[in-house]
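Proteins get letters first, then strands, A, B, ... in listed order; numbering begins at 1 in each.
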Amino acid sequence: MTATTKIILIILVLAVAAGAGAYWYAFMRPHQNMEKTEPHFELKSAAFLSEYTKDETAANEKYLGKIIELRGEIVALDRGEILNAIILEDMLFGISAYLDSSFVVENPKITEQIETGQTITIRGQCDGMLTDVVISRAIVVR
Amino acid sequence: MKPNILILLLVIFSVTSYGQDVYFTKTGTVIFDSSTPLETIHAENNQVTSFLKIADGELNFAGLIKSFKFKNALMEEHFNENYIESAKYPKAVFKGQILNWAAIDLDKEEAQEADLEGELTLHGVSKKITAKATLHPQNGGIQASCAFVVSAEDFEIKIPAVVRDKIAKEVSVSVNVNYEPFNR
């Protein structure tokens, strides 16, 4: 094999690898890892909720689709086979943080100790407001 | 047009006595599928709010577009940004009526067929929907399900020519809710 052939082969292999990487990134990349994602906003759950109840449109412009870290008191939990959601501020008109199921499965020690009345920090994506503000793919920060 | 479900709920709850007059859930499931042999396009929203009024069989659903979760991150991004424009139209709302409500017996713990008619508002466009639904009263609540088909075109959702063969024109929607009596 001549030196030129070797160089061509190496370039080809690199090109295929780069192409496969670009394809993977574009089409197969996983969802954001919430544990490694820096939040766009960090605030108290009461302050966040009050922005939504005062002006939903303005709050959506600021928070919709963004990663939010909220600290507040747990008023209720939605537990099925695993912990599904942490409810802050108010059962119906508060904030529902729906937990990332893989986070719950991978961190049983954290999620099993969560109880109503505790103060907690959660991080997740703001999906908007129905009766309550919905945070999805949430994780427990502390 | 921005239906405010919160005000709607407050009005309904304030004019009805507490207890059995309204069945409610905020964890209803809506699944849509517009798969083709070339691509699986499937999304699920498990945080749909819905209530059913016992007096007349009025039904309301509201779901956040961003709560539709896809397995594929890129697909979810395209769905939100390019097709359904969730920043501009963050909610989907259905307001309707069970037409044969008088024939539904909530004391009978068995599946009963319901004729559903109403208006679905999505992407800023409202369309009339009719569908067969199943209501199954059980354990003090009602398990309800329904399936229907909508077309992206009806809701003015534009699909670029380059991916047109990969996305079905007709979108299958299935709805599953477990209503519980509303108690506050």
Identify whether the distance between the nearest side-chain nitrogen and carboxylate oxygen of B/Lys132 and B/Glu113 falls below 4.0 Å. yes
Check this for me: does any side-chain nitrogen of one of B/Lys66 and B/Glu76 sit under 4.0 Å from a carboxylate oxygen of the other? no
Scored by heavy-atom pairs under 4.5 Å with chain A, the best of B/Pro90, B/Ser67, B/Gly63, B/Ala87 is B/Ser67
Proximity breakdown for B/Lys71 and chain A, heavy-atom pairs closer than 4.5 Å: backbone
Interchain contact, B/Thr27 with chain A, by part (heavy-atom threshold 4.5 Å): side chain
Identify which part of A/Asn84 has an atom lying under 4.5 Å from any heavy atom of chain B, answering side chain, backbone, both or neither. neither
What part of A/Gln32 is in contact with chain B, defined as an atom under 4.5 angstrom from a non-hydrogen atom: side chain, backbone, both or neither? neither
When only pairs under 4.5 Å are counted, which of A/Glu61, A/Gln125, A/Arg137 shares the most heavy-atom pairs with chain B? A/Arg137
When you look at B/Phe148 and B/Phe94, which way does the ring pair (Phe, Tyr, Trp, His ring centres under 6.0 Å) test go after all the steps? CA-CA 13 Å; B/Phe148 56 91; B/Phe94 175 85; 7.1 Å; no
Run the ring-centre check on B/Phe182 versus B/Tyr23 and record whether the distance is less than 6.0 Å. no
Apply salt bridge (charged side-chain N to carboxylate O under 4.0 Å, His left out) to A/Asp127 and B/Lys69, showing your working. CA-CA 11 Å; A/Asp127 284 355; B/Lys69 301 302 179 192; 3.5 Å; yes
